[in-house]
Amino acid sequence: MLQATSIGVGVVALALSWVAALHLMGSEARLLEALMTATTVDRHDLALAQSRNNLRIWGALAALNLMFIAATWSVVRSIRRQKLLFDALSHADRDKHALIMQLEAEKARALALASDDHLTGLHNRRMFNELAASHLEVARRSRKHYALMYLDLDRFKQINDTLGHHVGDLLLHAVGQRLRASLRKADIVGRMGGDEFAVLVTELDAPADMERIAAKLVTHLSQPYADLDGHEVAVTPSVGIAFFPGDGHDVTRLCRHADAAMYASKRRGRGRFTYYDAELNASDDRRYVLERQLPRAIAENELVLHFQPKVRLSDYRIVGLEALVRWAHPDYGLVYPNDFIPLAEQSELIVELGNWVMQACCAQQAMWKAQGLPLVPVAFNVSPRQLGDEHLPARVSAQLQAHGITPAEIEVEVTESCLVEPFGTPANVLRQLEGLGIRIGLDDFGSGFSSLSQIRHFPIGTIKIDRSFINDIRNSKDVGVIVTSIITLAHNLNMRVVAEGVELRDQLVDLKMAGCDEVQGYYMSRPVDVCETARLLVQKTIIPA
């Protein structure tokens, strides 16, 4: 706009100079005409007037020329300024374009990080679930068949432990490549974590086609993996298969059922595939659910304690309680320890579970103390893996201090499998616990291979005779002799004897005659919840019928 204004000013100035020139030319013509007709005196005045007129002409022309020069300079400056502005805009546009390209690259990189597994290049769990869910929506309106395969590598942990995690990572990458090469582009492949992979096989003409695909996949993945950092690794996959919609209407249920079928493959020998069967795998499915949800149950306090009294036979007074953990499962109701303790031991959650029980026992004792109830020692089990932790005594001591209870108000029970080496870490841990003032009991004595001569090397204060002996005490004379001998020898070693699993009056009579100190079992009381236990503590005794 400035450029147009400057040009306009120049044009106007030029036009004015032409008008002025024409006007002066007319004045000159009239002056010459007057000179020709004038007298001498008049000529002198006319000459003087002409001279003045010339000065005005030159002045006007000079002013007009200056205006024209100024207008021209303004135009030149405007053009230069416009060029500078144009150059600046061009540079800014280039910078903006470069920034947009950089942002696009960062966006693509962020999307890749959020959706792809960094190790294998396959979809990660989140992206697999999203893509599989969208394909299943299409499957609802399709006549084609869809199946979900869940697989992991057999004994992958051994490869990691023996050859190193670097080789394990190379193996996972190679497995990912083989998976992608063995399947169609329309199939969705993802790494779900660790050595677990999932595949959504799409648009099958018939369910029987899955047999060929799964067999091909197992064969291909079972071929040796050469040159993994100089190692040749042989590994097999265990595969579970669930069909949509028969085995599940969504990705979560399909994955869960395919995973359950995968574990069935492992139990049947590994390196194979197994179809999910709701009827045949009902217990396996429940086991799978419990195993997967156990960490959450511990973290979110779904576990509860029940307590079974220990009754002294001399006066039938309650002298102790054994804490027994239960799982208040939102779907299965009250789950008993036989259903989830083995799972905790296999998945290495047993230490975390044991720590929860220890803390819960201390907290419950503190609560009963605050209510003014008469307290008796509460015993809880400690697993062999916990006894292998030299920091266990410090943790127990910290719990006692945190809840304001004394060491005499709890007991620790261990199994015979803990007593392997009398001079190892478990023995040292038991001695430290005894040093704190905590009584140690040996649970299920007679179910293992320990003897009283071996036990004397450990700080054991209580022997609990296994229920298998108590069940046969009336049916076998030899068992009665064994039980009596155990009681006599334990007393000679200054140990207290508790009989587990007492369910009949005759068993109670025989144990009392053999000199047993305490009994525990359904005949006296079942394990009961916290409220019922508080009532028993107030009652103080349990008189058998």
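By convention here, the first residue in the shown sequence is residue 1.
A donor atom on one side chain and an acceptor atom on the other are not found under 3.5 Å apart for Y225 and E232. Counting only N and O atoms by type, the side chains of D250 and T252 include no donor and acceptor under 3.5 Å apart. Between the side chains of S265 and S238, not a single donor N or O lies within less than 3.5 Å of an accepting N or O. Between T236 and D154, the side chains place a donor N or O and an acceptor N or O closer than 3.5 Å (distance only, hydrogens not considered). If you check the side chains of N381 and D443, you find a donor sitting under 3.5 Å from an acceptor. Between the side chains of R395 and Q399, no donor N or O sits under 3.5 Å from an acceptor N or O.
Counting heavy atoms of neighbouring residues, nucleotides and ligands inside a 6.0 Å radius, atom CZ of R180 exceeds 12 of them.
When all heavy atoms of H173 and L119 are compared, the closest pair comes out as ND1-O, 3.1 Å. Contact detail for I487 and G515: the closest heavy-atom pair is CG2-O, 3.6 Å. Between L433 and P393, the shortest heavy-atom distance links the atoms CD2-CA, 3.8 Å. Shown here for C516 and V497, the closest heavy-atom pair between the two residues is SG-O, 3.7 Å.
Within the structure, the ring-ring contact (aromatic ring centres under 6.0 Å, His included) test picks out the following pairs touching residues 306-330 (sequence neighbours left out): F307-W368, W327-H329, W327-F340, H329-Y332.
A salt bridge is defined here as a Lys NZ or Arg NE, NH1 or NH2 lying under 4.0 Å from an Asp or Glu carboxylate O, and D195 with K157 fails to meet this definition. At a threshold of 4.0 Å, the pair E416-K464 does not count as salt-bridged, since none of the basic side-chain nitrogens sits closer than that to a carboxylate oxygen. A salt bridge between E302 and R296 is present, with a side-chain N of the basic residue lying under 4.0 Å from a carboxylate O of the acidic one. With respect to E434 and R431, no salt bridge is recorded, no charged nitrogen being found less than 4.0 Å from a carboxylate O.
Figure legend: R526 and Y522 shown as a cation-pi pair, the cationic atom lying under 6.0 angstrom from the six-membered ring centre and within 45 degrees of its axis.
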List the steps and the verdict of side chain to side chain contact (heavy atoms under 4.5 Å, CB included) for D259 and R292. CA-CA 11 Å; D259 197 9; R292 294 294 184 182; 2.6 Å; yes
I would like to know whether M358 and V412 meet side chain to side chain contact (heavy atoms under 4.5 Å, CB included); could you show each step before the answer? CA-CA 9 Å; M358 173 184 66; V412 167; over 6 Å; no
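The salt bridge (charged side-chain N to carboxylate O under 4.0 Å, His left out) test with E518 is passed by exactly one of R312, R496, K512: R496. Looking at M524, E411, E500 one by one, the single match for side-chain contact (heavy atoms from CB on, under 4.5 Å) with K310 turns out to be E411. Under the side chain to side chain donor-acceptor pair (under 3.5 Å) rule, K369 has a single partner from Q364, H403, E409, which is E409.
In summary, the aromatic rings of Y276 and F243 are positioned with their centroids too far apart to meet the 6.0 Å limit.
For the atom pair CE of M127 and CG of D117, the computed distance is 12.5 Å after rounding to the nearest 0.5 Å.
The backbone N or O of R125 sits less than 3.5 Å from a side-chain atom of N129, completing a donor-acceptor pair.
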